[in-house]
S.K.: 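Mind looking over this structure? Questions follow.
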Amino acid sequence: MKCYLCKEKLSRSNHSPKVVISFFDAAMFENFIIQYLKTKGTVSITNQHGQPVYRGHHLDHYNQSQILNFTSDYFIAKGLFTKEQFIKAGVDSERIKVLGGFEGDTPIRKTKKHHIIGIFLDCIEFDFALESNKMLIDIAEQFSKETGYQYFIKVHPTDSCENYKNYVSKNCIEIINKEKSITELIDSMAFGLLHASAIYVDIILREKKAYKLISQQEFPLVENPEDLIQGIEDLKIKYHLWKNKSNNEKSEYYQN
């Protein structure tokens with residue numbers, strides 16, 4: 001009914017643009033409007049939002065809605081990794097235009113060494129989120145007790161900080177929702193922990209280390225085995241190896 005009413009308004013407005021650019025054509029109204037305007041011969045373009053990852057047509061749309069709901073004629077992608085995700089889903093490569101992104105507008109702050117871990121929780125709408133979020137916090141708690149590091153928790157914008165206050169000790173310095181920017185949080189930490197979140201890309205772009213917790217959930221965003229951990233012992237080993245790398249080795253890693 002909402003789409004029908006939207007169509008009625010569009011019909012009355014009598015718009016027939018030659019080209020239309022949408023922010024995110026996977027969203028219901030933008031997707032519908034794109035379809036409507038295409039019937040009038042409009043060329044349509046949409047833009048990358050976050051980091052889409054193709055996991056399969058038979059799975060839920062989380063992190064791949066831009067791929068499975070892609071309706072526009074063309075998609076502006078930030079990089080080749082994104083283009084490959086659409087091609088895997090059967091989209092014609094000519095429709096995906098790699099033009100880059102806006103990263104780099106905010107200078108990377110070269111600050112003193114931090115002893116803070118950033119925990120980036122899964123979207124609470126995932127049916128596995130309660131379990132995976134608890135696992136991430138448990139790893140952070142154990143790592144902080146053994147090393148003296150502290151940590152903050154960044155909850156998904158659709159989640160509530162209150163859901164995690166009973167899981168943490170004094171080693172958790174803050175539970176954050178929207179109070180601070182992602183850039184500010186990443187710049188304040190030594191490394192990040194995540195499970196099924198595209199925040200991995202943002203962390204790497206800010207030249208900080210990130211580790212993805214391995215589980216049975218399909219989320220093939222992290223390809224480097226150095227960035228995949230199975231638990232606390234794996235994290236301690238891999239973070240120790242990372243700290244012992246030279247600055248040149250770390251720079252090469254970020255560039256790759």
S.K.: With rounding to the nearest 0.5 Å, note down the distance linking CD1 in Ile153 to CG in Asn177.
M.R.: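 Result: 12.0 Å between the selected atoms.
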S.K.: Would you say Pro52 and Gln85 make side-chain contact, with heavy atoms under 4.5 Å?
M.R.: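 Counting from C-beta outward, Pro52 and Gln85 never come under 4.5 Å.
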S.K.: Would you mind listing the cluster partners of Tyr36? Hydrophobic ones only (ILVMFWY), side-chain contacts under 4.5 Å, chaining allowed.
M.R.: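 Leu10, Val20, Phe32, Ile33, Ile34, Leu37, all in the cluster of Tyr36.
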S.K.: Please confirm whether the backbone N or O of Glu30 pairs with a side-chain atom of Asp25, one donor and one acceptor, at under 3.5 Å?
M.R.: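 No, because the side chain of Asp25 does not come within donor-acceptor range (under 3.5 Å) of the backbone of Glu30.
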S.K.: Would you say that more than 12 heavy atoms from the other residues, nucleotides or ligands in this model lie under 6.0 Å from the CD of Glu131, or not?
M.R.: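 No, not enclosed.
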S.K.: Is there a side-chain contact between Gln64 and Leu59 in this structure, where contact means two heavy atoms from C-beta onward sitting under 4.5 Å apart?
M.R.: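 A side-chain contact exists here, since the closest heavy-atom pair is under 4.5 Å.
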S.K.: Spell out, as yes or no, whether a donor-acceptor pair under 3.5 Å connects the side chain of Lys88 to the backbone of Val53.
M.R.: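 The answer is no, because no donor-acceptor pair under 3.5 Å joins these two groups.
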S.K.: Over 60° means perpendicular and under 30° means parallel, so tell me whether Phe191 and Phe143 are parallel, tilted or perpendicular.
M.R.: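 Taking Phe143 first and then Phe191, their aromatic rings stand perpendicular (interplane angle over 60°).
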S.K.: Just verifying a value: how many Å separate Lys154 NZ and Cys161 SG, rounded to the nearest 0.5 Å?
M.R.: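 So the gap between those two atoms works out to 8.0 Å.
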S.K.: Consider only side-chain heavy atoms of I, L, V, M, F, W and Y, link residues closer than 4.5 Å, and tell whether Leu228 and Ile199 are in one cluster.
M.R.: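 Hydrophobic grouping puts Leu228 with Ile199.
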S.K.: Could you walk me through whether Asn163 and Val155 pass the side-chain contact (heavy atoms from CB on, under 4.5 Å) test, one step at a time?
M.R.: CA-CA 9 Å; Asn163 292 335; Val155 304; over 6 Å; no
S.K.: Can Thr71 and Asn31 be counted as having a side-chain donor-acceptor contact under 3.5 angstrom?
M.R.: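 There is such a pair between these side chains.
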S.K.: Looking at every heavy atom in both Lys238 and Pro225, which two are closest together, and how far apart are they?
M.R.: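 Closest approach of Lys238 to Pro225, heavy atoms only: NZ-O, 2.8 Å.
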S.K.: Could you tell me the separation between the CD atom of Gln230 and the CD1 atom of Ile139, rounded to the nearest 0.5 Å?
M.R.: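 It comes to 10.5 Å.
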S.K.: So do Ser65 and Phe24 actually touch side chain to side chain, heavy atoms under 4.5 Å?
M.R.: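 The answer is yes, as the side chains (C-beta and beyond) meet within the 4.5 Å cut-off.
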S.K.: To the nearest 0.5 Å, what is the distance between CG on Asn256 and CG on Asn224?
M.R.: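 The CG atom of Asn224 is 9.0 Å from CG of Asn256, to the nearest 0.5 Å.
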S.K.: Considering only heavy atoms from C-beta outward, does the side chain of Arg95 approach that of Phe86 to under 4.5 Å?
M.R.: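 In short, these two side chains do not touch, never coming nearer than 4.5 Å.
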S.K.: Would you tell me whether Tyr54 and Glu84 have side-chain atoms, one donor and one acceptor, within less than 3.5 Å of each other?
M.R.: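 No pair is found: no donor N or O on one side chain lies under 3.5 Å from an acceptor on the other.
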S.K.: For the residue pair Leu121 and His156, establish whether any side-chain heavy-atom pair is separated by less than 4.5 Å.
M.R.: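 A side-chain contact under 4.5 Å is absent here.
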S.K.: Using a 4.5 Å cut-off on heavy atoms from C-beta on, say whether the side chain of Phe75 contacts that of Val91.
M.R.: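 SC-SC contact between Val91 and Phe75 ruled out.
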S.K.: Show, in sequence, the C-alpha distance, side-chain angles and deciding distance for Asp138 and Lys134, and conclude whether the salt bridge (Lys or Arg N to Asp or Glu O under 4.0 Å) test is met.
M.R.: CA-CA 6 Å; Asp138 286 345; Lys134 181 65 165 57; 2.9 Å; yes
S.K.: Is Lys83 reaching over with its side chain to a backbone N or O of Lys97, donor-acceptor style, under 3.5 angstrom?
M.R.: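 The answer is no, because no donor-acceptor pair under 3.5 Å joins these two groups.
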S.K.: Is Lys209 positioned over the aromatic face of Tyr211, cation under 6.0 angstrom from the ring centre and no more than 45 degrees off axis?
M.R.: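 Yes, Lys209 sits over the ring of Tyr211.
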S.K.: Are any non-hydrogen side-chain atoms of Ile203 and Phe120 less than 4.5 angstrom apart?
M.R.: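 Side-chain contact under 4.5 Å: yes.
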S.K.: Nearest 0.5 Å, what's the CD1-CD1 distance between Ile176 and Ile182?
M.R.: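 Answer for the CD1-CD1 pair, Ile176 versus Ile182, is 9.0 Å.
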S.K.: Can you name the closest pair of heavy atoms from Ala196 and Phe126 and give their distance?
M.R.: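 Closest heavy-atom pair between Ala196 and Phe126: O-CE1, 3.8 Å.
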S.K.: Quick check: Trp242 with Tyr253 (ring centres under 6.0 Å apart)?
M.R.: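 Under 6.0 Å, so yes.
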S.K.: Side chain to side chain donor-acceptor pair (under 3.5 Å) with Asn244: which residues, sequence neighbours excluded?
M.R.: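 With neighbours one apart ignored, the set is His240.
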S.K.: For the backbone of His49 and the side chain of Gln66, can you confirm whether one donor and one acceptor N or O come within less than 3.5 Å of each other?
M.R.: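 Such a contact is found between Gln66 side chain and His49 backbone.
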S.K.: Are Asp60 and Arg55 ion-paired here, with the side-chain N under 4.0 Å from a carboxylate O?
M.R.: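 A salt bridge links Asp60 with Arg55.
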S.K.: Answer yes or no: is there a donor N or O on one side and an acceptor on the other, between the side chain of Ser132 and the main chain of His195, under 3.5 Å?
M.R.: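 Not confirmed, Ser132 side chain does not pair with His195 backbone.
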S.K.: Please walk me through it: do Leu136 and Leu213 pass side-chain contact (heavy atoms from CB on, under 4.5 Å)?
M.R.: CA-CA 8 Å; Leu136 290 172; Leu213 178 63; 4.1 Å; yes
S.K.: Quick one: do Ile96 and Phe81 end up in the same hydrophobic cluster if we chain Ile, Leu, Val, Met, Phe, Trp and Tyr together by side-chain heavy atoms under 4.5 Å apart?
M.R.: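 They do not share one cluster, since no chain of ILVMFWY contacts under 4.5 Å joins Ile96 to Phe81.
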S.K.: Measure the CD-NZ distance between Glu146 and Lys236 for me, rounded to the nearest 0.5 Å.
M.R.: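 Reported value, rounded in 0.5 Å steps: 3.5 Å.
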S.K.: Looking at every heavy atom in both Leu221 and Gln51, which two are closest together, and how far apart are they?
M.R.: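 What the structure gives for the nearest pair is CD1-CG, 3.8 Å.
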S.K.: Is the distance between the ring centroids of Phe128 and Phe219 under 6.0 Å?
M.R.: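 Not under 6.0 Å, so no.
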S.K.: Ignoring hydrogens and angles, state whether a donor on the side chain of Asp227 or Tyr200 is under 3.5 Å from an acceptor on the partner side chain.
M.R.: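 Per modelled atom types, Asp227 and Tyr200 side chains form a pair under 3.5 Å.
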S.K.: Above 12 or not: heavy atoms from other molecules or residues under 6.0 Å from NZ of Lys7?
M.R.: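 Incorrect, the count does not exceed 12.
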S.K.: Checking the side chain of Asn69 only, and the main-chain atoms of Ala27 only, is there a donor and an acceptor separated by less than 3.5 Å?
M.R.: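 Pair absent, no side-chain N/O of Asn69 close to backbone of Ala27.
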S.K.: Is any side-chain heavy atom of Ser72 less than 4.5 Å from a side-chain heavy atom of Phe70?
M.R.: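 Side-chain contact under 4.5 Å: yes.
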